[in-house]
Asker: 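This is the structure I want to talk about, given as structure tokens.
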Amino acid sequence: MNAALTAKLREWSDALSALEADAGVQLHEKKNETAYRDLMRQRAELLRSLPQKAEALPADIRQSPAFSQVLEALRAFAEGADNALRLNSVFYMSALLYPDEHQPGEPNNLEQLIRAMERG
């Protein structure tokens, strides 16, 4: 069931990426900082919810050999998102999932997790 778990992670990653892309358009093209902040908050809230979403997956997916490792990673991501939301820091929200040395075009931490699962 690693394939089903990977597919679900990809779905969530795509939703996070879409919110981030929309936020970028709002900030850089439309100069709408309020919409940017709202979208970054939505992204952080989605990220914070991922452990609960994972725990609600069907039992056959949760029984995947990789599930406990994935859940641990999602909990770490969610903890960062919770901190960013608690601090109400848009900068912190924008940095979620990105390692310090991240370069544009490189995968974020969730995408790296997905790639590792795809490699088996």
Side-chain angles (χ1 to χ4, degrees):
M1 282 295 123
N2 276 352
L5 179 57
T6 302
K8 189 50 77 172
L9 289 172
R10 174 71 56 204
E11 177 185 318
W12 295 333
S13 178
D14 289 348
L16 290 163
S17 294
L19 286 167
E20 185 174 2
D22 290 348
V25 168
Q26 291 298 324
L27 182 64
H28 300 296
E29 294 176 22
K30 297 185 177 182
K31 310 296 185 207
N32 186 338
E33 291 184 26
T34 301
Y36 171 76
R37 281 192 300 275
D38 290 345
L39 288 162
M40 293 311 290
R41 175 172 287 285
Q42 289 175 37
R43 180 178 173 266
E45 288 171 350
L46 175 57
L47 190 55
R48 181 173 62 180
S49 74
L50 292 185
Q52 292 80 20
K53 289 180 181 295
E55 290 170 339
L57 290 172
D60 60 330
I61 295 175
R62 292 192 322 269
Q63 291 169 358
S64 165
F67 184 78
S68 63
Q69 179 183 0
V70 166
L71 186 58
E72 183 178 321
L74 294 177
R75 285 178 176 154
F77 300 156
E79 184 177 321
D82 190 58
N83 287 336
L85 289 162
R86 192 169 23 81
L87 295 170
N88 198 28
S89 170
V90 177
F91 173 76
Y92 194 175
M93 290 176 206
S94 71
L96 293 170
L97 293 179
Y98 292 103
D100 291 339
E101 66 280 355
H102 183 265
Q103 297 296 316
E106 292 179 347
N108 65 38
N109 292 336
L110 179 55
E111 292 164 341
Q112 289 177 22
L113 174 64
I114 294 166
R115 288 179 181 188
M117 289 186 60
E118 290 171 342
R119 287 192 298 271

Asker: Taking only residues at least two apart or on different chains, which pairs with a member in residues 102-115 satisfy salt bridge (charged side-chain N to carboxylate O under 4.0 Å, His left out)?
Answerer: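 Qualifying pairs, neighbours excluded: none.
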
Asker: With sequence neighbours excluded, give me every side-chain hydrogen bond (donor to acceptor under 3.5 Å, both in side chains) pair touching residues 74-84.
Answerer: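 Applying side-chain hydrogen bond (donor to acceptor under 3.5 Å, both in side chains) to every pair that reaches into residues 74-84, excluding sequence neighbours, yields Arg48-Asp82, Glu55-Arg75, Asn83-Arg86.
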
Asker: Any chance you could lay out the side-chain contact (heavy atoms from CB on, under 4.5 Å) test for Met117 and Gln112, step after step, and finish with the verdict?
Answerer: CA-CA 9 Å; Met117 289 186 60; Gln112 289 177 22; over 6 Å; no

Asker: Would you indicate whether the side-chain heavy atoms of Leu9 and Leu50 approach each other to under 4.5 Å?
Answerer: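 SC-SC contact between Leu50 and Leu9 ruled out.
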
Asker: Got a second to check how far Met40's CE is from Leu47's CG, nearest 0.5 Å?
Answerer: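 The distance works out to 10.0 Å.
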
Asker: Report the C-alpha distance between Lys53 and Leu46 in whole Å, list the side-chain angles of each, state the deciding distance to 0.1 Å, and finish with yes or no for side-chain contact (heavy atoms from CB on, under 4.5 Å).
Answerer: CA-CA 10 Å; Lys53 289 180 181 295; Leu46 175 57; 3.7 Å; yes

Asker: Enumerate the ring-ring contact (aromatic ring centres under 6.0 Å, His included) contacts for residues 78-120, please, sequence neighbours excluded, ordered by first and then second residue.
Answerer: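 Only Tyr98-His102 qualify under ring-ring contact (aromatic ring centres under 6.0 Å, His included).
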
Asker: In chain order, what residues pass the side chain to side chain donor-acceptor pair (under 3.5 Å) check against Glu11, with sequence neighbours excluded?
Answerer: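 With neighbours one apart ignored, the set is Lys8.
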
Asker: Sequence neighbours left out, what passes side-chain contact (heavy atoms from CB on, under 4.5 Å) with Glu33? Give chain and number order.
Answerer: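 Leu27, Arg37.
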
Asker: For residues Ala66 and Asn2, report the shortest heavy-atom separation together with the two atoms involved.
Answerer: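 Here Ala66 and Asn2 meet closest at CB-OD1, 3.5 Å.
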
Asker: Checking Asn109 against Phe77 for the side-chain contact (heavy atoms from CB on, under 4.5 Å) test, could you report, in this order, the C-alpha distance in whole Å, the side-chain angles of both residues, the deciding distance, and whether it holds?
Answerer: CA-CA 9 Å; Asn109 292 336; Phe77 300 156; 3.8 Å; yes

Asker: CG/Leu71 to OG/Ser64 distance, rounded to the nearest 0.5 angstrom?
Answerer: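 Result: 11.5 Å between the selected atoms.
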
Asker: For Ala59, which residues count as a side-chain contact (heavy atoms from CB on, under 4.5 Å) partner, sequence neighbours excluded?
Answerer: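 For Ala59 the side-chain contact (heavy atoms from CB on, under 4.5 Å) partners, ignoring immediate neighbours, are Arg62, Gln63.
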
Asker: Among all residues two or more places apart in sequence or in another chain, which pass the side-chain contact (heavy atoms from CB on, under 4.5 Å) test with Ala35?
Answerer: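 So Ala35 forms a side-chain contact (heavy atoms from CB on, under 4.5 Å) with Gln26, Asn32.
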
Asker: Distance from Ser13 atom OG to Leu113 atom CG, nearest 0.5 Å?
Answerer: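 One finds 9.5 Å between OG of Ser13 and CG of Leu113.
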
Asker: Can you list every pair that meets ring-ring contact (aromatic ring centres under 6.0 Å, His included) and has a residue in residues 20-76, with sequence neighbours left out?
Answerer: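 Sorted pair list comes back empty.
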
Asker: Among residues at least two apart in sequence or on other chains, which ones pass side-chain contact (heavy atoms from CB on, under 4.5 Å) with Ala78?
Answerer: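 Once residues adjacent in sequence are excluded, the partners of Ala78 under the side-chain contact (heavy atoms from CB on, under 4.5 Å) criterion are Pro51.
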
Asker: So which pairs with a foot in residues 12-21 pass salt bridge (charged side-chain N to carboxylate O under 4.0 Å, His left out), sequence neighbours left out?
Answerer: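 Residue pairs passing salt bridge (charged side-chain N to carboxylate O under 4.0 Å, His left out), neighbours aside: Glu20-Arg43.
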
Asker: Please tell me if the side chains of Leu74 and Trp12 come closer than 4.5 Å, counting only heavy atoms from C-beta onward.
Answerer: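 Leu74 vs Trp12: side chains touch.
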
